[in-house]
Amino acid sequence: MIQLRLNKERKIILVIGGILLAWGVLYRLVPVYQELIPQHNEIELKKEQIIKFQKRIQTKEGLEKKQLALTKKLEQLKQGLLRGQTPALSAVSMQNRLNEIADSIALEVQAVRVLKSKPIENTEFISVPVQFSTRLTIRQLKRLLYKIETAESFLQVANLVLKKSGEGMPVQLQVTMTVTGLMQKSGGV
């Protein structure tokens, strides 16, 4: 066997070399060990990320359902638009509807005038106004306004001028009313 004679200096150098070698091995292997065994905090962070992603997926599904419902509602609402390829044809459609309403409450329309249609800013719709005049009682006026506002088409009273007409009971009113309807710019529904 070989005997090594080590003096005190060589022993110190060997001990320091062994310590440095052990430190180098630990320095090299500790990151590998940490990758093999994930830290508790990393597991929690990954769980939180997974929960966030699941919530986003659920939100997306909810948004898709809302979009489908809104699309159906939009199609239903488009049924209330005036039909006609041009504003003039839509105005005729609205005049016919107003005449039906007037007939249902025994009114005689004295004058009808189609006003200039106007595009509504930032939308795909055109406002089509029609002005008409008639003589009626307060009760008939109430019924007329109700029927216009609840019509299948989206009709709205934009302007209303009332003047008392004659004496006696029931009170007669001379009414000039502007009613507007909506149509799509591309024409008809």
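When a residue number appears, it is its place in the shown sequence, counting from 1.
- One finds the CZ atom of R143 at 8.5 Å from the OG1 atom of T137 (value rounded to the nearest 0.5 Å).
- Residues M183 and S90 approach most closely at SD-OG, 3.2 Å, considering heavy atoms.
- A pairwise comparison of heavy atoms in S117 and P87 identifies OG-CB, 3.4 Å as the closest pair.
- No chain of hydrophobic side-chain contacts below 4.5 Å, direct or via other Ile, Leu, Val, Met, Phe, Trp or Tyr residues, connects V92 to M94.
- Residues passing the side-chain hydrogen bond (donor to acceptor under 3.5 Å, both in side chains) test with R97, sequence neighbours excluded: E100.
- For the residue pair P129 and T178, the shortest heavy atom distance occurs at CB-CG2, 4.1 Å.
- There is no path of hydrophobic side-chain contacts, each under 4.5 Å, that joins Y146 to I138.
- Note that CD1 of I120 is 9.0 Å distant from CD1 of I126, once rounded to the nearest 0.5 Å.
- Hydrophobic clustering (ILVMFWY, side-chain heavy atoms < 4.5 Å, transitive): V161 and V112 are in distinct clusters.
- Every pair tested for salt bridge (charged side-chain N to carboxylate O under 4.0 Å, His left out) that includes a residue from residues 6-30 fails, sequence neighbours excluded, so the list is empty.
- The distance from atom CE of M177 to atom CG of L136, rounded to the nearest 0.5 Å, is 7.0 Å.
- Among I148, D103, T134, the single residue meeting the side-chain contact (heavy atoms from CB on, under 4.5 Å) criterion with L98 is I148.
- In this structure, S133 and T176 approach most closely via the heavy-atom pair OG-OG1, 3.4 Å.
- Here the CD1-CG distance, from I101 to N96, works out to 11.5 Å after rounding to the nearest 0.5 Å.
- Distance check: T59 OG1 to E64 CD gives 11.0 Å after rounding to the nearest 0.5 Å.
- Checked against side-chain hydrogen bond (donor to acceptor under 3.5 Å, both in side chains), Q110 has the following partners two or more places apart in sequence or in another chain: Q174.
- By the criterion of side-chain heavy atoms lying less than 4.5 angstrom apart, applied directly or through intervening Ile, Leu, Val, Met, Phe, Trp or Tyr residues, V179 is grouped together with L173 in one hydrophobic cluster.
- Two residues are said to be in side-chain contact when any heavy atoms from C-beta on lie closer than 4.5 Å; K185 and F125 fail this criterion.
- Note that CD of E61 and CD1 of I57 are 7.5 Å apart. Values are rounded to the nearest 0.5 Å.
- Within 6.0 Å of the CD atom in Q67, the count of heavy atoms belonging to other residues, nucleotides or ligands does not exceed 12.
- The cluster map of Ile, Leu, Val, Met, Phe, Trp and Tyr, joined by side-chain heavy atoms under 4.5 Å apart, puts F132 and L162 in the same cluster.
- Between V114 and Q95 there is a side-chain heavy-atom pair separated by less than 4.5 Å.
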